[in-house]
Amino acid sequence: MAHLSTNELVEKIIAAIQAGNLADEQRKLPTEPELMAQYQVTRYTLRQALKQLGNMGYTYQAHGVGTFVRPQQTGNSIALGHNGGLSEEAARIGRKLTTKTAEQRVVSLAEADFLPDAYHFNAQEQLIDVRRFREMDGHPYLMEHSYYLQSVIKDIPETALYGSLFNYCEQQRETKISFIDQLIMSEPLPQPAGEFMQLPAGAPSLVVQDESYLSTGQLLAFSKQYYDYRMAKLFMVKKIH
């Protein structure tokens, strides 16, 4: 058997779904034995991957019938429940998310534009203030304003700023992310984001606010992503049973 992790298998299955190489005309996936043979994985790994795909909104299971690709999947919507970085999720749906410009500086808690409501910081905590202006397929898409606790992650290299910050953190032994809390809301568009998107500062903006935690419950980072409403389309699945 191949030593694919659950996340690696999820990525391979999503890529095959997007390429139209896996599901049949009824959008049904192959049986579990067929998928196990195709990807050379154990039944446990496959079932964990299928569970993750279902939670992400890519598939659903009809008991006694099989696993099906959800027809709501489109090429221009981002799954809020995706596992990984935003760049990887964009790539899965055939889009290219790149960082046009990025900047970082170290600030005190008092200098931060926003803080999590329920987290209690050490009063001496220093934050790495990161702003990234990101394009989707060459068009302004969002401004990402993040704060990383410097006591947890010492520095962020330039390559990570223009690549995947999520992957950079995952590659560091001390900063593997366990869970992310997300909140969707509307806020006035900050001036730097407005200039990037060619929209008026203060215009209503779709904002995804998130907080990333380690398995110990330690906060790693918190951020706000200001989306260009003309391009952003996000989805999530509400599972009932």
Legend entry - salt bridge (Lys or Arg N to Asp or Glu O under 4.0 Å) partners for Arg230, two or more places apart: Asp228
Inset, instruction - Taking the side chain as every heavy atom from C-beta outward, state whether Tyr147 and Leu115 have any atom pair closer than 4.5 Å. - result: no
Legend entry - Pairwise ring pair (Phe, Tyr, Trp, His ring centres under 6.0 Å) hits with a residue in residues 7-31, at least two apart: none
Inset, instruction - Examine Ile153 and Val106 and state if one hydrophobic cluster contains both, with Ile, Leu, Val, Met, Phe, Trp and Tyr joined whenever side-chain heavy atoms are less than 4.5 Å apart. - result: no
Inset, instruction - Report the distance from atom CG of Leu50 to atom OG1 of Thr45, rounding to the nearest 0.5 Å. - result: 11.0 Å
Inset, instruction - Would you give the length of the straight line joining atom CD of Gln48 to atom OG1 of Thr42, rounded to the nearest 0.5 angstrom? - result: 9.5 Å
Inset, instruction - Output every pair passing side-chain hydrogen bond (donor to acceptor under 3.5 Å, both in side chains) with a member in residues 203-217, not counting sequence neighbours, ordered by first then second residue. - result: Asp210-Ser223, Asp210-Gln225, Glu211-Tyr213
Legend entry - Test applied, side-chain contact (heavy atoms from CB on, under 4.5 Å); reference residue, Tyr148; option that passes from Leu165, Leu127, Thr175: Leu165
Inset, instruction - Check the angle between the aromatic planes of Phe68 and Tyr60 and answer parallel, tilted or perpendicular using the 30° and 60° thresholds. - result: parallel
Legend entry - Partner residues of Glu32 under the salt bridge (Lys or Arg N to Asp or Glu O under 4.0 Å) criterion, sequence neighbours left out: Arg43, Arg47
Inset, instruction - Measure the CG-SG distance between Leu220 and Cys169 for me, rounded to the nearest 0.5 Å. - result: 5.0 Å
Legend entry - Test: Lys224 cationic atom under 6.0 Å from Phe114 six-membered ring centre, within 45° of axis: yes
Legend entry - Test item: side-chain donor near acceptor, Ser87 and Arg134, under 3.5 Å: yes
Inset, instruction - Return the minimal non-hydrogen interatomic distance between Leu109 and Ala123, and the atom names on each side. - result: CD1-O, 4.1 Å
Inset, instruction - With rounding to the nearest 0.5 Å, note down the distance linking OG1 in Thr98 to OH in Tyr162. - result: 11.0 Å
Inset, instruction - Hey, could you give me the CD1/CD distance between Ile128 and Gln150, rounded to the nearest 0.5 Å? - result: 5.0 Å
Inset, instruction - Please check if any side-chain donor atom of Glu195 sits under 3.5 Å from a side-chain acceptor atom of Gln191, or the reverse. - result: yes
Legend entry - Listed partners of Asp181 passing salt bridge (Lys or Arg N to Asp or Glu O under 4.0 Å), at least two apart: none
Inset, instruction - With sequence neighbours excluded, tell me which residues meet side-chain hydrogen bond (donor to acceptor under 3.5 Å, both in side chains) with Thr67. - result: Gln61
Inset, instruction - With rounding to the nearest 0.5 Å, note down the distance linking CG in Leu86 to CZ in Arg132. - result: 8.5 Å
